[in-house]
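Following: one structure in structure tokens, then a few remarks.
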Amino acid sequence: MSISPVVGDGGVDPVGDDNATVGADGFAAIEAKWRAIWDVLNPYAVADDGSRERKYVLDMFPYPSGDLHMGHAEAFALGDAVARYWMQRGYDVLHPVGWDSFGLPAENAAITRQAHPADWTYANIETQAESFRRYAVSFDWSARLHTSDPEYYRWTQWLFLRMRERGLVYRQESAVNWCPVDQTVLANEQVVGGACERCGAAVTERELTQWFLRITEYADRLLDDMAQLRGRWPERVLTMQTNWIGRSEGGYVDFALEGGSETIRVFTTRPDTLYGATFLVVAPEAELANKLCAPERRAEFDAYVARVRAGSDAERHPASTSRTGVDLGVRAVHPLTGELVPVWTSDYVLAGYGSSAIMAVPAHDQRDLDFAREFGLPVRTVVQPDDGVDPASSGIAYTGDGPHVESGPADGMDIGDASASVLRELAELEAGEPGVQYRLRDWLVSRQRFWGCPIPVVHCPSCGEVPVPDEELPVRLPELRGAELAPRGKPPLAAAEDWVNAACPRCGGDARRDTDTMDTFVDSSWYFLRYCSPGYAEGPFDPEAVRRWMPVAQYVGGVEHAILHLLYARFFTKVLRDMGLVDFDEPFQALLNQGQVILNGAAMSKSHGNLVDLGEQLATYGVDAVRLTMIFAGPPEDDIDWADVSPAGASRFLARTLRLADDVACPPGTDAEGGDRQLRSLTHRTVAQAAELAEAHRFNVLVARLMELVNAARKRIDAGSEADPAVREAVEAVAVMLSLFTPYTAEEMWEGLGHEPSVARAGWPTVDEQLVARETTVCIVQINGKLRGRLEVPVDTAEAELVSRASEQVAAALGDREVVRTVAKPPRLVNFVVG
RNA sequence: GCCCCCGUGGCCCAAUUGGCAGAGGCGGUCGACUUAAAAUCGAUUCAGUGCCGGUUCGAGUCCGGUCGGGGGCACCA
């Protein structure tokens, strides 16, 4: 094996007999020593000169909430292993770092401390940056960015304006989610179970004029392009995105209002059940309901709407099947039967979905059946239930398939055919058409808070909404601090009079700036592009640099971003593609989700209290032991229960390995040829398998293999063969492979072995296939599938010989029973089947 | 309620993807070193893969059912 050893004159005496574990002072000194050397060598710098194949490895950038915690330690140990692996494989790896530095916590801290959000933010960033250095993450620090820097958010604003030009940005008054504690609106994605995802307060509904991004226009592409990701993204994440987009195919049906020109359009996924529709329901908040309501029902209707609006989300989604609603006092004409059906309003129909109105088919929809039974409305079965139970009497709607009845031309058909038949009938009558609906809503991006990217729009009394010209970007945040940021029911920016008043870019008259800031998810929807050319001044990114590096080869981050961030980033990428700024559909080719770090089954987070302090762990066990513990604990996607793992164990292994390097006696550069064949074979098999394991992200198994190799090398030394070149070869391979996980220990070993730093640039050991191939193998001999014997055989043993030797070996066990069948899988197995 | 994932020694996890259940670690026990302890080193203990059934020469692995754990969506028509 050639590890292209660079032998320096200042070689360290590789033989030492220090038998003690490296104590806390010991590794602190080692860590400080190597940090200083790395600062000079800069071993992780990106060349970007085309000399090597490029690979972009990206960790989800952190939010600067304080110092790094156990969760960061896991995520970045993992991302770093990926990045360092490809570096060792000779790739030019872009592995940048930055901070998602806008956001509410900074603002809240500023209010409490009478300070500017930037003070808190940038202080935390410096703390984290220092911790990242200590943690030895292989970042190229030159690419560092912060989304709160004006030179970054200039381009966030620029992108917002480009999207606006493409009709993807609009401002609309609508009922929105409002968090009374944070005093801001929230995106649908930020409301979890009726509560604010951030602070947990019950979310209420408000009518406000807000900015939206038209992500729904990309629903189908967001869905379809997942085909490109299948197999390289966790299936779980793809499923969550699919559910979130929630595409439903069905049809629209138009019901004419009795005695009027009005039409009520409904969306249904079951057009086949149209003959079973016995009433219509319109969402109470929908303008349609207000318009349809008969005068004699007005009072009751208004009271109902008021009650619904006041109700919290939880009240609106009761666990029980009880239903509320009001008869609107009008009737509609069934398009196929001509029958008159009543029109009701009820809060179980949502205003924001479909056409805000449904046709109720109580026999085949549980919600409709509950409602029908509550108000004594008719139930008509049009699909024969296979169990013969009548929904009208059982109270259980039948949603399965079966022959249709009382359905005109669709009689006898199944759901598929009946749907087509009904849609055909509707088409002839021009009373309906096939249609698709999505659960996904447009992305509400405005926030009534301060510490975010200002929306680059000016409101002019005569010109209306006017975009700020590109050359005037960025629209910078004013210098507000402390109490000026406290929520007062209107955005803090609105109170900054000097800032708000601006000349209209179009007519020059008095105008006011938009006082909302953007959702921070906008900032993080394109940061991976900025990393390709962080200082670029001509645009958000240098298209050439993006062409060189994007898409991201491997993205690493928590599953908590499975929907929000990843969906938004995918959306931005598609928009940029349509704008001709990038030439790919998907930003992240592969995604790796690391699990959480928990303690005794309980989550460790800010809200649950940081149960284990990273700083203390690092001080007690050292950086490498903590990193190795994270990696070795189990598969990367699994949660790590800190109570189940042991940094002490990792620490012992590292000390043992370090000692191993000290015990290597043959000089650097010795040809391994002629070394112990068995050990050499193990080394080369381990290196070969380690590459496969690393590429499959099975780092825990990789570490186990390294432990085996370390144990084998140790045995060889203890047997008196410390001068065997095979030992040096094995230990050098260990140093290089271990450098993916424990950079300090690997450097110490490398130095101890007489090489110049840095081991990070040593290169992956070359595998000799001859040594990987086994000459002999153990063939197992079975009788009726049960193990009865073993044979050590050359791997190329012919089947006939194998069977005869096997037969000999188990002759006694076989006795005089007749072999009715022999299954041979040379050279691994022979199985005799006896009667 | 619907969908998805996972159940392997006391614990965390492996098992060439249908072929010897055990690689690695943690913990335990015993021994060596030590005046002693820690550290270190060596040795060693422990499961037939949640449960029931099926397919197969052969099942931890595939299929059906069931129990347990975790996750996602949840009045989206």
Side-chain angles (χ1 to χ4, degrees), chain A residues 19-21 23 193 234-244 246-248 250 266-271 273 277 280-281 283 316-319 321 323 346-361 364-368 370-371 399 437-441 559 562-563 601 628-629 632-635 637-650 652-653 655-656 659 689 692 698 700-711 714 718 777-790 819-825 828-834:
Chain A
N19 207 31
T21 318
E235 199 53 41
R236 184 160 73 122
V237 174
L238 297 177
T239 305
M240 284 162 74
Q241 295 224 346
T242 304
N243 289 344
W244 190 262
R247 181 184 155 104
S248 314
V266 304
F267 176 73
T268 178
T269 52
R270 292 288 304 274
T273 62
L280 304 185
V281 188
R316 192 168 172 155
H317 303 301
T321 55
R323 295 277 178 227
S346 172
D347 64 357
Y348 84 91
V349 174
L350 308 176
Y353 185 77
S355 54
S356 315
I358 62 149
M359 64 179 206
V361 184
H364 307 297
D365 183 294
Q366 193 60 48
R367 296 156 300 184
D368 297 343
D370 294 338
F371 192 83
T399 54
Q437 281 293 329
Y438 302 89
R439 209 193 78 107
L440 181 71
R441 307 295 152 84
V559 73
I563 298 174
L628 189 65
T629 303
F632 186 56
E637 309 80 13
D638 288 6
D639 287 349
I640 299 172
D641 196 325
W642 204 247
D644 290 337
V645 297
S646 167
R652 270 200 296 276
F653 167 72
R656 205 160 55 228
R659 227 176 304 126
Q689 205 197 354
E692 285 172 28
R698 302 187 57 199
N700 57 322
V701 185
L702 203 172
V703 171
R705 296 286 172 266
L706 292 183
M707 289 173 170
E708 282 180 76
L709 187 52
V710 165
N711 292 343
R714 169 50 61 189
D718 288 350
T777 186
V778 173
C779 173
I780 57 167
V781 187
Q782 299 179 331
I783 297 175
N784 285 345
K786 293 205 176 62
L787 180 71
R788 285 294 179 266
R790 289 191 180 85
V819 174
V820 296
R821 189 175 160 188
T822 303
V823 182
K825 291 275 169 100
R828 296 199 327 263
L829 168 132
V830 177
N831 184 20
F832 297 108
V833 185
V834 298

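Computed from a predicted model, the values in this text were never measured in an experiment. Every chain is numbered from 1 and lettered A, B, ... according to where its sequence line falls, protein lines coming before strand lines.
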When we call it a touch if two heavy atoms are under 4.0 Å apart, what does [X] touch: a base, just sugar-phosphate, or nothing?
X: A/R714; result: nothing
X: A/D638; result: sugar-phosphate
X: A/T269; result: sugar-phosphate
X: A/V559; result: nothing
X: A/G246; result: nothing

Could you give the distance from [atom1] ([X]) to [atom2] ([Y]), rounded to the nearest 0.5 Å?
X: A/K786; Y: A/N831; atom1: NZ; atom2: CG; answer: 10.0 Å
X: A/R270; Y: A/M359; atom1: CZ; atom2: CE; answer: 9.0 Å
X: A/R705; Y: A/N700; atom1: CZ; atom2: CG; answer: 10.0 Å

For atom [atom1] of [X] and atom [atom2] of [N], their distance in whole Å:
X: A/I358; N: B/C75; atom1: CD1; atom2: C1'; answer: 9 Å
X: A/L709; N: B/A14; atom1: CG; atom2: P; answer: 20 Å
X: A/R270; N: B/A77; atom1: CZ; atom2: P; answer: 12 Å
X: A/L829; N: B/G19; atom1: CG; atom2: C1'; answer: 5 Å
X: A/R439; N: B/C2; atom1: CZ; atom2: C1'; answer: 13 Å
X: A/Q241; N: B/C4; atom1: CD; atom2: C1'; answer: 15 Å
X: A/N784; N: B/U56; atom1: CG; atom2: C1'; answer: 13 Å
X: A/M240; N: B/C5; atom1: CE; atom2: C1'; answer: 12 Å

Between [N] and [X], is there an OP1 or OP2 to side-chain N/O distance shorter than 4.0 Å?
X: A/N700; N: B/C12; result: no
X: A/S248; N: B/A77; result: yes
X: A/R656; N: B/C41; result: yes
X: A/Y348; N: B/A77; result: no
X: A/R652; N: B/C26; result: yes

### Task
State which residues pass salt bridge (charged side-chain N to carboxylate O under 4.0 Å, His left out) with A/E235; sequence neighbours excluded, sorted by chain then number.
A/R230
### Task
Provide the Watson-Crick or G-U wobble partner of B/G7, both distances under 3.5 Å; none if there is no partner.
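Checking every strand shown, B/G7 finds its partner in B/C67, with both distances under 3.5 Å.
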### Task
Go ahead and name the base partner of B/C41; Watson-Crick or wobble counts if both distances stay under 3.5 Å, otherwise write none.
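Looking at the geometry, B/C41 pairs with B/G31.
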Counting side-chain heavy atoms from C-beta on, which of [options] comes nearest to [X]?
X: A/Y353; options: B/C75, B/C11, B/A77; result: B/A77
X: A/I563; options: B/C73, B/A23, B/G25; result: B/C73
X: A/A704; options: B/A77, B/A23, B/C13; result: B/A23
X: A/F632; options: B/C11, B/G25, B/C57; result: B/G25
X: A/V701; options: B/A14, B/C20, B/A77; result: B/A14
X: A/S646; options: B/G24, B/C41, B/C26; result: B/C26
X: A/V645; options: B/G25, B/A77, B/C12; result: B/C12
X: A/N243; options: B/A77, B/G72, B/A14; result: B/G72

### Task
Select from A/I780 and A/M359 the residue whose nearest nucleotide in RNA chain B is closer to the 5' end of that strand.
A/I780
### Task
Nearest-nucleotide wise, let me know which of A/R790 and A/R247 is further upstream toward the 5' end of RNA chain B.
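The answer here is A/R790.
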Looking only at atom [atom1], what distance separates [N] and [M], rounded to whole Å?
N: B/G48; M: B/U8; atom1: P; answer: 13 Å
N: B/C4; M: B/U44; atom1: P; answer: 46 Å
N: B/C73; M: B/U17; atom1: C1'; answer: 32 Å
N: B/U56; M: B/U61; atom1: C1'; answer: 13 Å
N: B/C5; M: B/G42; atom1: P; answer: 43 Å
N: B/A39; M: B/G27; atom1: P; answer: 9 Å
N: B/C33; M: B/G25; atom1: C1'; answer: 24 Å
N: B/G71; M: B/G31; atom1: P; answer: 46 Å

### Task
Measure from the side-chain N and O atoms of A/D365 to the backbone N and O of A/A360, and report whether any donor-acceptor pair falls under 3.5 Å.
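Between the backbone of A/A360 and the side chain of A/D365 there is no qualifying donor-acceptor contact (under 3.5 Å).
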### Message
If the glycosidic angle sits within 90 degrees of zero it is syn, else anti. Tell me which applies to B/U44.
### Response
anti
### Query
Is the base of B/G70 syn or anti, if syn means a glycosidic angle within 90° of 0?
anti
Less than 4.5 Å apart, side chain to side chain, heavy atoms only: is that true for [X] and [Y]?
X: A/F632; Y: A/V645; value: no
X: A/R788; Y: A/F832; value: no
X: A/V710; Y: A/F653; value: yes

With no angle test and no hydrogens, is the base of [N] tied to the side chain of [X] by a donor-acceptor pair under 3.5 Å?
X: A/N831; N: B/C57; result: yes
X: A/R821; N: B/C57; result: no
X: A/R828; N: B/C20; result: no
X: A/Q782; N: B/G19; result: yes

### Message
Heavy-atom count check: over 12 atoms from other residues, nucleotides or ligands less than 6.0 Å from A/R714 CZ?
### Response
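Yes, because the 6.0 Å sphere around CZ of A/R714 holds more than 12 heavy atoms from other groups.
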